[in-house]
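Worksheet for the structure shown next.
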Amino acid sequence: MAKAPVLTPQSEDFPRWYQDIVAKAELADNGPVRGTMVIRPYGYSIWEQMQAEVDRRIKRAGAKNAYFPLFIPESYLKREAEHVEGFSPELAVVTVAGGKELEEPVVVRPTSETVIGEFMAKWVQSYRDLPLLLNQWANVVRWELRPRVFLRTSEFLWQEGHTAHVSEDDGRQYAERILHDVYESFMRDVLAMPVVVGRKTAKERFAGATNTMTCEAMMGDGKALQMGTSHELGQNFAKAFDIQYLDNEGTQQHAWTTSWGVSTRMVGGLIMCHGDDNGLRIPPALAPVQVVVLAVRDDDAVIERCRTLAGELADAGVRVELDVRVETSMGRRATDWELKGVPVRLELGPRDLTEGVVTLANRFTGAKDAVALNGIAATVTAALDAGQAQLLAEATDRRNSRTVDVSSIAEAAEAAATGWARIPWASMGTDGETELAKSSVTVRCLVMPDGSLPASDNADGAIAIVARSY
RNA sequence: CGGGGAAUGGCGCAGCUUGGUAGCGCGCCUGCUUUGGGAGCAGGAGGCCGGGAGUUCGAAUCUCCCUUCCCCGACCA
């Protein structure tokens, strides 16, 4: 039965399409307080998959999980000048608790460099205590003026890593290791998002950092989204919080620290990178539900076969869900699973049963084929692998085809209307960034021609990637 | 904070100009018929019309005040 489109088409109104998907795929609702969100079970299951994959990689990189308090003394924030200046406007501050005005207000953490720095100072005495590699999964609060579900919410969930090292070089290597081995690899191999890894300009740098590195992804509308960052904090926080150690020659030294994080923003990135007019498309490596087995009709034999089929797939290690809600029409259920972006749908009805087949609907190719019930696990696994590769290929093609090389600010601003521009950083001059900002375009990051990270703010030959961004 | 909108069943909206029993679509509940791409029909449930004060015989509708939300701008790891 022909109906109006399930979602506002992307080409008609991309932001509206995004809102529609969030609502109809049951990912999240707006919370009662402005800028907050309720993450619904399906949306949360996507986040849990992200957490599991990122957490595994963080641990492989040697960091250990810990937990620090939500409340931070206001005075802590003030100890690092740039840090407090950067965060003050967006702090939520508690001044009354237990029915009394507090002696010293406490801030709800916008990030935890300060409180973790305080404790690192206690725990680090000797060079033998370094490196100290910590990570925490937590919620943070930043009172943003323009909230947008998943992309910029007043409260969000994230992981924040904090490390201390004996030398600048050691800290830098670790910050880069996290950037590449945890973030970039996770985004490419699991999220199927070909992020550009680069260095932030001084203007875009994290408040209190000496260097901020980033993973930037292109969304379906050509805008950029910062998916994750890794910072070298130099000795700024070590000095503010007195993180000192005795080196092997008996001299007191300040440590060198780093911090790095990815957040629930990645869920928004995932939606806008792979989603289409039929809904979400979740890469199989991430999908909380990789396959849904759907009973087409209310028929005992069909339902029973669906159960064994789902069991068989689960035994083969596939994340599978059974849909035998036969009181709901087949079309409705098919549409809903498509909205939710489940990679493979196996539709089984009486007809299939007699023929010994099942209908495999592929979310990525749109194809519906009858496939043998025999050896279904292998067939499904192959489809999942192919889908994963297809999403990465599509996202890579889009990024490449919508990125152009330019040589002037004007050309860069024009190119950024539909995609990204690459422009020699040196050619932008001192006012280049301000000039671009007039067209709502920013330098997303700097990269070297061979794709490596620039060693400094004005490394010879560095290319600026400029774009509009979320 | 500047400029513009809007607050009416769960969601989306109409009604307001010209005061007179609060409506529509979707969703929800029940029943029957359906079920291979958003099912159909019938019957139901659900509202102090954002809050307060006024005008009036009578206010969703007119007047004033307040609150909240949305959009554009500024702001933004």
Side-chain angles (χ1 to χ4, degrees), chain A residues 1-8 13 15-16 19-20 23-24 29-35 82-83 85-91 110-113 140 142-148 151-154 156 158-161 179 183 199-201 203-209 211-216 225-233 258-263 265-266 278-279 294-299 302-303 323-339 345-355 357-359 361 366 368 370 437-438 440 442 444-445 469-470:
Chain A
M1 194 162 295
K3 286 276 170 113
V6 178
L7 301 168
T8 304
D13 186 344
R16 181 80 177 275
Q19 303 263 43
D20 282 359
K24 296 204 172 174
D29 265 339
N30 283 313
V33 172
R34 179 192 156 75
E82 282 187 31
H83 193 63
E85 191 186 334
F87 280 105
S88 283
E90 48 192 84
L91 291 181
T111 178
S112 303
E113 276 76 6
V140 286
R142 299 178 187 181
W143 219 257
E144 302 286 0
L145 296 178
R146 274 279 186 93
R148 218 146 140 40
L151 299 175
R152 195 184 307 108
T153 45
S154 305
F156 56 92
W158 75 345
Q159 105 352 259
E160 51 177 323
L179 187 72
Y183 297 162
R199 179 187 179 100
K200 285 289 186 187
T201 64
K203 188 169 183 284
E204 301 282 330
R205 195 178 282 154
F206 172 71
N211 177 27
T212 289
M213 295 167 286
T214 178
C215 297
E216 299 284 328
L225 181 72
Q226 179 175 301
M227 293 279 289
T229 48
S230 184
H231 316 287
E232 286 182 66
L233 304 175
T258 78
S259 68
W260 26 278
V262 292
S263 73
R265 168 181 278 189
M266 290 192 295
N278 293 317
L294 195 150
V296 169
R297 276 171 169 269
D298 190 2
D299 175 293
V302 165
I303 290 174
D323 181 355
V324 292
R325 300 169 303 163
V326 285
E327 70 283 0
T328 302
S329 79
M330 158 70 198
R332 158 68 65 168
R333 290 183 289 152
T335 306
D336 284 348
W337 289 116
E338 248 159 38
L339 270 169
R345 208 166 63 245
L346 292 175
E347 303 175 352
L348 189 77
R351 231 155 54 203
D352 303 290
L353 211 50
T354 51
E355 293 168 23
V357 299
V358 63
T359 304
K368 279 178 82 164
K438 290 174 186 165
S440 302
T442 50
R444 303 316 304 157
C445 62
S469 72
Y470 280 98

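We name chains A, B, ... by the order of the sequence lines, and we start the count at 1 in each one. Atom set for the values below is all heavy atoms of this structure, side chains included, hydrogens, waters and symmetry mates excluded.
In the set B:G38, B:G36, B:G37, B:G37 carries the atom at the smallest distance from any side-chain atom of A:Ala334. In this structure, of B:G27, B:U35, B:C76, it is B:U35 that holds the atom nearest to the side chain of A:Arg297. The A:Arg152 side chain lies nearest to B:C76 when the options are B:G38, B:G36, B:C76. Relative to the side chain of A:Glu90, the nucleotides B:G36, B:G37, B:C76 differ in distance, and B:C76 lies closest. Distance from the side chain of A:Glu144 is smallest to B:C76 among B:G36, B:C76, B:G38. Among B:G36, B:G38, B:G37, the nucleotide with an atom closest to any side-chain atom of A:Glu338 is B:G37.
If you measure from atom CH2 of A:Trp337 to atom P of B:G38, you get 18 Å, rounded to the nearest angstrom. Atom-to-atom, CZ of A:Arg325 to C1' of B:G38 comes out at 13 Å; the value is rounded to the nearest Å. As a whole-Å value, the separation of A:Phe87 CZ from B:C75 P is 17 Å.
Annotation: side-chain contact (heavy atoms from CB on, under 4.5 Å) contacts of A:Pro15 (sequence neighbours excluded): A:Asp13, A:Arg148. By the ring pair (Phe, Tyr, Trp, His ring centres under 6.0 Å) test, A:Phe156 pairs with A:Trp158, sequence neighbours left out.
Counting any heavy atom pair closer than 4.0 Å across all strands shown, A:Glu347 reaches a base atom.
Where pairing requires Watson-Crick or G-U contacts shorter than 3.5 Å, the helical stems of RNA chain B with at least three consecutive pairs are B:1-7 with B:67-73, B:10-13 with B:23-26, B:28-33 with B:39-44, B:50-54 with B:62-66.
Side chain to side chain, A:Ser469 and A:Arg444 meet the donor-acceptor criterion of an N or O pair below 3.5 Å.
Note that OG of A:Ser263 and CD of A:Gln226 are 9.0 Å apart. Values are rounded to the nearest 0.5 Å.
A donor-acceptor pair under 3.5 Å is formed between the side chain of A:Arg333 and the backbone N or O of A:Thr328.
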